[in-house]
> 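Right, I'll just put the structure down here and ask away after.
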There are 2 protein chains.
Amino acid sequence: MARKTGSHSEITGPRIRAEAMKLFARHGFAAVSMRQIAAAVGLQAGALYLYTPDKEALLFDLLKDHMDGLIAAWQEKRGGESPVGALETFVRFHIRYNGERPEAVFLSYMELRNLSPENFAVIEGLRRAYETELENILKAGQAAGAFLVPDTKLATMAIIAMLTGVNTWFREGGRLSRATVEDIYWDMVRKAVSG
Amino acid sequence: MARKTGSHSEITGPRIRAEAMKLFARHGFAAVSMRQIAAAVGLQAGALYLYTPDKEALLFDLLKDHMDGLIAAWQEKRGGESPVGALETFVRFHIRYNGERPEAVFLSYMELRNLSPENFAVIEGLRRAYETELENILKAGQAAGAFLVPDTKLATMAIIAMLTGVNTWFREGGRLSRATVEDIYWDMVRKAVSG
DNA sequence: ACGCTAACTGAACGCACGTTCATTATCAAA
DNA sequence: TTTGATAATGAACGTGCGTTCAGTTAGCGT
């Protein structure tokens, strides 16, 4: 085995994904060329194919990694709390985790249609799994009498849309801090599902 | 003046916009070619340039028409009601109007970045004007003691994100009717802004 | 010092893109 | 029936696309 220390491939792969994420998020998957990505990394276009079989796989990897990370982080965070406590944990987790990865979140909502049907199904399945986590909290709270929600699936979609929407307007260093935003959103969600 | 009755241009123009809307919404602006649009209408690509100066203007017209229509429809709907009544009117209006135009709404949220800075500013301004309508309702309700919202701008964004999110999952003929969805969302919004 | 291989280049492939334009078909008005 | 504008064609323009691949560079292990 040659080239262990200082191997470029362990550096170049992540850099390609990072630059691709930035460019896809900024201009859209279809509007970004392999040559643009390569130039951002400092390579010729052909070199990208040492790291990805094609352009779509590059997008898929970004989306898959994001969803896996999201779900794994939530599995670590969730506890055996009461329904209200669990909902608060979810709300704060979702705002914080997504707030730290605006580009990945943006991609995950905008570029799904550029995936093949098979890859689309994978990402869609992961998203559904994540949504189910919230729905289970709502179901448990409804059963325990802690929440009053006529339809848990609808409430799930409403809450997630509301929380994810933070990314469309929140700017670091703006009028409100992340913590304040978390507090206010949690207050709105809490009231929205209460009796 | 020749060609009055049966003039094609009065038919072809709208048909181009309709097919462009469908294709842009389905595949994304950058992924749709002028040749695809032309083929959907039954023309050669060159003929499109009798109706639009370029591809971006086609997108801009669609977005501008949508926003103008949205704001005009709201101006007709709004009345001199109480804050709670006005908020209910807004919630039901937003869900219904956007629900009837899923493609235009989708475009308005996804393809803004394909506009030139000048055109982007126009659409952004219209969107802000629409958001201000909701914020003014919340401000009035807060002042009158009908609502308890720590930050009206934040509540505005949260409510709009939640309502617009309906389009991502609602399907005609599904488990819930439009009217039921309206009712449940209004209930959640009402509780979320209450004291 | 040398061989080996991972890492990358640069040119090329065929194709599709947005846009332009000379030409042609169509049809109302005269 | 002629006229003249409107509506549309179809070929062409230069450009950039995703992807492939033979060849070149660089650096570790021996």
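The chains referred to below are lettered A, B, ... by the order of the sequence lines, with proteins before strands, and numbering in each begins at 1.
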> Tell me the ring pair (Phe, Tyr, Trp, His ring centres under 6.0 Å) pairs involving residues 128-149 of chain B, sequence neighbours left out?
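Residue pairs passing ring pair (Phe, Tyr, Trp, His ring centres under 6.0 Å), neighbours aside: B:F90-B:Y130, B:H94-B:Y130.
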> Which is true for A:V41 with a 4.0 Å heavy-atom rule: it touches a base, it touches only sugar-phosphate, or it touches nothing?
nothing
> Counting just side-chain N and O atoms, does A:Y51 come under 4.0 Å of either OP1 or OP2 of C:dC8?
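Checking A:Y51 against C:dC8: at least one side-chain N or O falls below 4.0 Å of OP1 or OP2.
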> Calculate the interatomic distance between B:N114 atom CG and C:dG18 atom C1'; express it in whole Å.
14 Å
> Can you name the ring-ring contact (aromatic ring centres under 6.0 Å, His included) partners of B:F93, sequence neighbours left out?
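Once residues adjacent in sequence are excluded, the partners of B:F93 under the ring-ring contact (aromatic ring centres under 6.0 Å, His included) criterion are B:W74, B:Y97.
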> Only counting residues at least two apart or in another chain, list the ones meeting salt bridge (Lys or Arg N to Asp or Glu O under 4.0 Å) with B:R92.
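So B:R92 forms a salt bridge (Lys or Arg N to Asp or Glu O under 4.0 Å) with B:E88, B:E182, B:D183.
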> If I take atom CG in residue B:L48 and atom C1' in nucleotide D:dG10, what distance separates them, rounded to the nearest angstrom?
14 Å
> How close or far is atom P of D:dT19 from atom CD of A:E56, stated in whole angstroms?
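So the CD-P distance, A:E56 to D:dT19, works out to 10 Å.
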> Rounded to whole Å, how long is the line connecting atom CE of A:M34 with atom P of D:dT19?
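It works out to 6 Å between those atoms.
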> Please check if the number of heavy atoms outside B:Q75 that lie under 6.0 Å from its CD is greater than 12.
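Correct, the count exceeds 12.
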> What's the CZ-C1' distance between A:R15 and C:dC8, to the nearest Å?
14 Å
> Can you name the side-chain contact (heavy atoms from CB on, under 4.5 Å) partners of A:T132, sequence neighbours left out?
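Expected list: A:N136.
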> Quick one: label B:L50 by what it contacts on the DNA or RNA (base, sugar-phosphate, nothing), any heavy atom closer than 4.0 Å.
base
> What is the distance, rounded to the nearest whole Å, between atom CD1 of A:I37 and atom C1' of D:dT19?
13 Å
> Between B:L148 and B:V193, is there a side-chain heavy-atom distance shorter than 4.5 Å?
no
> Do any pairs count as a ring pair (Phe, Tyr, Trp, His ring centres under 6.0 Å) and have a residue in residues 169-195 of chain B, sequence neighbours left out, and if so which ones?
none
> Looking at the side chain of A:K55, which of D:dC17, C:dT19, D:dG18 is the nearest nucleotide?
D:dG18
> Using the 3.5 Å cut-off, write out each protein N or O paired with an N or O of nucleotides 10-16 of chain C and the distance between them.
unit_1	atom_1	unit_2	atom_2	d
C:dA12	N6	A:R35	NH2	3.3

> In whole angstrom, give the distance that lies between atom OH of B:Y49 and atom P of D:dA12.
19 Å
> Examine C:dA7: is either OP1 or OP2 under 4.0 Å from a nitrogen or oxygen in the side chain of A:T12? Give yes or no.
no
> What is the separation between atom CG on A:L59 and atom P on D:dG18, rounded to the nearest whole Å?
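So the CG-P distance, A:L59 to D:dG18, works out to 13 Å.
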